[in-house]
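Reviewing the structure listed below.
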Number of protein chains: 2
Amino acid sequence: MSPTQPGRRRVTRADVARHAGVSTAVVSYTLNEGAKKVSDATRARVLEAVRVLGYRPNAAARALKIGSTAQLGLVIPGVLNRFFAELADHAEREAAAHGLALVVTSARDGLAAALGHLASRQVDGVLVVGRADVADLGGLEIPVALLDQVRAVNGVAGIGADRYGGARHAVEHLLGHGHRRVGFVGPAGGSDDRLRGWTDAVAAAGLAAEPLIDSDFTRAGGYEAGRRLASLPDRPSSVFVSSDDQSIGLLLALHEAAVRVPGDVAIVSFDGSQEAAYCWPPLTTVAQPLAEMVRLAVGRVLDPSPGYVELPTELVVRRSCGCR
Amino acid sequence: MSPTQPGRRRVTRADVARHAGVSTAVVSYTLNEGAKKVSDATRARVLEAVRVLGYRPNAAARALKIGSTAQLGLVIPGVLNRFFAELADHAEREAAAHGLALVVTSARDGLAAALGHLASRQVDGVLVVGRADVADLGGLEIPVALLDQVRAVNGVAGIGADRYGGARHAVEHLLGHGHRRVGFVGPAGGSDDRLRGWTDAVAAAGLAAEPLIDSDFTRAGGYEAGRRLASLPDRPSSVFVSSDDQSIGLLLALHEAAVRVPGDVAIVSFDGSQEAAYCWPPLTTVAQPLAEMVRLAVGRVLDPSPGYVELPTELVVRRSCGCR
DNA sequence: CTGAAAGCGCTTACAG
DNA sequence: CTGAAAGCGCTTACAG
């Protein structure tokens, strides 16, 4: 016995109709229940035929007819970043809860290309994670929601977390521990709200905003930043790191250099990924409300409405800041 | 200016044909280049019309006609498990390299349901990750490849890593460090090849196969196992852990209990996820050839052929075993 | 409550 | 090299 039988002719609605002795319309009516009344006896015959024949509707035909594929697109920089992986997981769950399948596309070849592919595939909407250029969003006939976005984009729905407030809170927490120097690890260029939050919080305490250790959002970037931090002649007693992935790299470098956390350097991170709980020491981190963000974004896409929504973050206290 | 314009009528092939002053067939011919000759002048007119109109082919219509969606399905227990996330990432890349989109489905509601959905959606094939019941594979008309599978399944393509050999190698490495007691952390029930590899390797050295610390494949499971390990009155000097996620949980518990790794307990893990490199201490781990496994599986699905292929593993040496 | 028929947007023999 | 036309498998007014 061979479990799969490629090459076998697909059974169609016509086969079911023939087997049940009804018209193909009735098969549709009983399968898409609600639209039309079907007598119980007829319904039973149809369902039996479906079962016996192992009939499975052709989604492409349905999509062509009704113009909806019951698919949600997700454009993501990559699933290897812990934060994005968790986001993808939530997206898959949320999509499934709405009866939608998730088509995952990397933005490797550019956002415009990814969106073009998804639009071709008639997805009912797409969630875009990460930086998005408005230009790439033009000319699409499907609703888009920008997730993990930092601010309003004209005419497009956007959902983001309060990075500025979260960063300020993180720095203030470190300040509350008595630290008089709080460094920043993260992208130095650009206008990241976390960088701004750090700058403002430090300034409000009458302190200098330094050192600023440049790093991209990867673990490898965090590792390099950690090496630089460890070898600083006048190492700060604490740092705010702008993502958990960076923190994980940073921790490795610090361990290798025998710099103690939080003893020598206290850390507060940003993202609130599950990974943060399993580091050593476990990371105190600013948690973004991921599930809620995804829920809102899917809602915006299914029931299109533009505008930017910013959700509050929450500081999750663990060992890396020195609280325990 | 509004970047997205939902509600705008989709432009179809007919619009392009009209704009270019050709028949719809010619539009197809120039877009699906190769099938038929189209004069350069005509082609240019068509392409210009496509550009001007912003035409995007309807994938559902194409799929209905030719019976292929250029989509690959991936059934995965979840993307939160690091190993699965990396596998999904590879799958997305490999699919893209073949011009295919990846439809990700969780096996949350059962494998049969997931496969049914994917079959309905006319995916060209599906990669199934994790344990698969042959019964669930029956009656499918699309090619399936089982990834991360442990042995041949009748009539279905399967790709796996040599877990037995990898586990033996791991244990032998620990034995080579002089350990006379090598414990096992992982699922105790069932017939996991890693458990067998551990048992045989330890027996071959004339030692007792103990302790066996039961744990599921999650980080939480590893954490619990770590707590039990830490509190063992006669703690072994080393353990082989059957997955990286478990090892990460185990490390946390050991750190909390101030048990030193590798000093008090040396560890060799299994999977070779990128995460293993960023733990503290970095994990010596048996690496599965993920990229190769995915490449093979996609190949099997695109050019169906049953049979089981087992790939060799490789021991990646880092600090947790005591080598450094 | 049920059926005949049009049409969704493509591709592809077939004819010219 | 180009076009008219059938047909993929559905859904859904429309008529009965």
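Chain letters run A, B, ... following the sequence lines, proteins first and then strands; every chain starts at 1.
Judged by distance alone, with hydrogens and angles left aside, the side-chain atoms of B/S305 form no donor-acceptor pair with the main-chain N or O of B/R300 at under 3.5 Å.
Listed here is the closest heavy atom pair of A/G73 and A/L102: C-CD2, 4.3 Å.
Listed nucleotides D/dT12, C/dC10, D/dG9 differ in distance to A/A61; the shortest reach to its side chain belongs to D/dG9. Set against D/dA13, C/dC10, D/dC10, the side chain of B/R13 has C/dC10 as its closest nucleotide. Here the side chain of A/N32 is nearest to one of D/dG3, D/dT11, C/dT11, namely D/dT11. Closest to the side chain of A/Y29, from the set D/dC10, D/dG3, D/dA13, is D/dA13. For B/V22, the side-chain atoms get nearest to D/dG3 when compared with the rest of C/dG9, D/dG3, C/dG3. In this structure, the nucleotide among C/dG3, D/dT2, C/dT12 sitting nearest to the side chain of B/V26 is D/dT2.
Backbone-only engagement by A/I66 is indicated by non-hydrogen atom pairs under 4.0 Å involving sugar-phosphate atoms exclusively. Residue A/S39 is in sugar-phosphate contact alone, with no base atom involved, counting any heavy-atom pair closer than 4.0 Å across all strands shown. Contacts of B/R62 with the nucleic acid, taken as non-hydrogen atoms under 4.0 Å apart, involve only primed sugar atoms and P, OP1 or OP2.
Using the Watson-Crick or G-U wobble rule with both distances under 3.5 Å, D/dA13 pairs with nothing in any strand shown.
Atom C1' of D/dT12 sits at a distance of 16 Å from the matching atom of D/dG16, rounded to the whole Å. Across the P atoms, C/dA6 and C/dT2 are found 23 Å apart, a figure rounded to whole Å.
Residue B/N58 contributes atom CG, which lies 13 Å from atom C1' of C/dT11 at whole-angstrom precision. The separation between A/Q122 atom CD and C/dC8 atom P is 14 Å, rounded to whole Å. We find that CZ of B/R121 is positioned 14 Å from P of D/dC10, with the value rounded to whole Å. Per the geometry, CZ belonging to A/R18 stands 18 Å off C1' belonging to C/dT2, to the nearest Å. Put simply, CG on B/L64 is 13 Å from P on C/dT12, counting in whole angstrom units. Spacing between atom CZ of B/R45 and atom P of D/dC1 amounts to 14 Å, rounded to whole angstrom units. When the P atom of D/dC10 is taken as reference, atom CZ of A/R56 falls 12 Å away, rounded to whole Å. Look at CZ on A/R43: it is 10 Å from P on C/dT2, rounded to the nearest Å.
Two residues, B/K65 and B/A25, neighbour DNA chain D, and the one matched to the more 5' nucleotide by heavy-atom proximity is B/A25.
A/S243 and A/D245 are not linked by any side-chain donor-acceptor pair at a separation below 3.5 angstrom, with hydrogens and angles left out of the test. Looking only at atom types and distance, the side chain of B/Q288 has a donor-acceptor partner in the side chain of B/D271 under 3.5 Å away.
Look at A/Y55 and you'll find a side-chain N or O under 4.0 angstrom from OP1 or OP2 of D/dC10. Contact annotation: B/T42 reaches the phosphate of D/dT2 (side-chain N/O to OP1 or OP2, under 4.0 Å).
Using a cut-off of 4.0 Å between Lys/Arg side-chain N and Asp/Glu carboxylate O, B/E48 and B/R45 are scored as not salt-bridged.
Taking OH of B/Y55 as the start and CG of B/L31 as the end, the distance is 6.0 Å to the nearest 0.5 Å.
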